[in-house]
Amino acid sequence: MLGPVLLAAARSDSIRRLVSAAPVTRPMVDRFVAGEQLDQALEGITSLTSRGMEVTIDHLGEDITDRSEALRNRDAYLALTEALAAAGLADRAEMSVKLSAFGQALPGGHELAHANVLPVVEAAAAAGTTVTLDMEDHTTVDSTLAILGELRERFPATGAVVQSYLFRTEGDCHALAGEGSRVRLVKGAYNEPAAVAFQDKREVDKAYVRCLKILMAGKGYPMVGSHDPRMVAIAQDLATRYGRKQDEYEFQMLYGIRAAEQERLVAEGNRMRVYVPYGTEWYGYFMRRLAERPANLAFFLRSLVSRG
């Protein structure tokens, strides 16, 4: 029951201040976030790629309140693209963007987000890499998929993310499973109402498998975003069933979670992409990771109380 509470707390300024000031927070954040500055993130990325992994990089900065912040986020991604090209990492590293960080929730947000993300996608293509549009809460899905469609007219490698806990996602998977379409399937990490999303974990898992079947059977490129051992095994079985080679799909996991499993999958010849977040605006991302992982939450709360 604490999960929804933490997801709500992710948007609370007062709880943000409390958590940020706690001495125990920094070591926990460092587990999930590859630094606050670009040079720190590049060190982590280089370490991962040297061990046979690929990465997708998220400059943290959602829940912005004005257009100047959207421009700063755009410029941060442009700097990231330049840095990846200079470091020779563009062929192993793509970028994940949340359109809320580009102004999607502001007045005129759909057009604003598209205008701000377009130069990032253009720069990524010029550098030899690409961008995946992260999916956020259900109110943003239509706008995000519409922007995806516009971007794919010029940049067909632009990736999509779909969340199995939403009732609509099976239909979205059918629509997105076309030739060359890069689609990351995740279970979902937002506190969604029962009117639009499955609330029971077993139903979310069943929906994940149904969606995975659609993507594996399609002509696109499935990206299996899960730390669940059952889903990893099911994905491998489905890939075999539909005649996919190991380079015709990939696994994706978060930085700092199940690192040994990431290494194992790479050692077996699988494509493994690690989702690497960095930046000063780590609070919302950190709280969602705690909500997803009860063991991490229990450790953090015990440490917070003992330090208090």
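Fair warning: this is a prediction, and the values are worked out from it, not measured in the lab.
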| message | Please determine whether ring-ring contact (aromatic ring centres under 6.0 Å, His included) holds for the pair Phe167 and Tyr165, giving the CA-CA distance in whole Å, both sets of side-chain angles, and the decisive distance to 0.1 Å. | response | CA-CA 6 Å; Phe167 298 151; Tyr165 66 177; 9.6 Å; no

For a quick test of reading the model, state the closest non-hydrogen atom pair linking [X] to [Y] and the distance between them.
X	Y	result
Ala160	Met223	O-CE, 4.3 Å
Met253	Glu261	CE-CG, 3.6 Å
Pro222	Arg244	CD-NH1, 3.4 Å
Glu192	Asp137	OE2-CA, 3.2 Å
Tyr278	Ala76	OH-O, 4.1 Å
Arg31	Gly256	NE-O, 2.9 Å

| field | Close side-chain approach of Glu281 to His59, heavy-atom, < 4.5 Å | value | no

Mark yes or no for whether [X], through its side chain, and [Y], through its backbone, hold a donor-acceptor pair below 3.5 Å.
X	Y	answer
Asn116	Phe102	yes
Ser143	Thr140	no
His227	Leu254	yes
Arg92	Met53	yes
Ser164	Val204	yes
Thr130	Ala157	yes
Glu136	Ser100	yes
Thr129	Ala93	yes

| request: Step through the shown structure and confirm whether more than 12 heavy atoms of other residues, nucleotides or ligands are within 6.0 Å of CD on Glu82. | output: no

Could you tell me whether [X] and [Y] make a salt bridge, using a distance below 4.0 angstrom between a side-chain N and a carboxylate O?
X	Y	answer
Asp205	Lys201	yes
Asp247	Lys245	no
Arg168	Asp142	yes

| task | Verify whether one side chain among Ser68 and Asp66 offers a donor that lies under 3.5 Å from an acceptor in the other. | result | yes

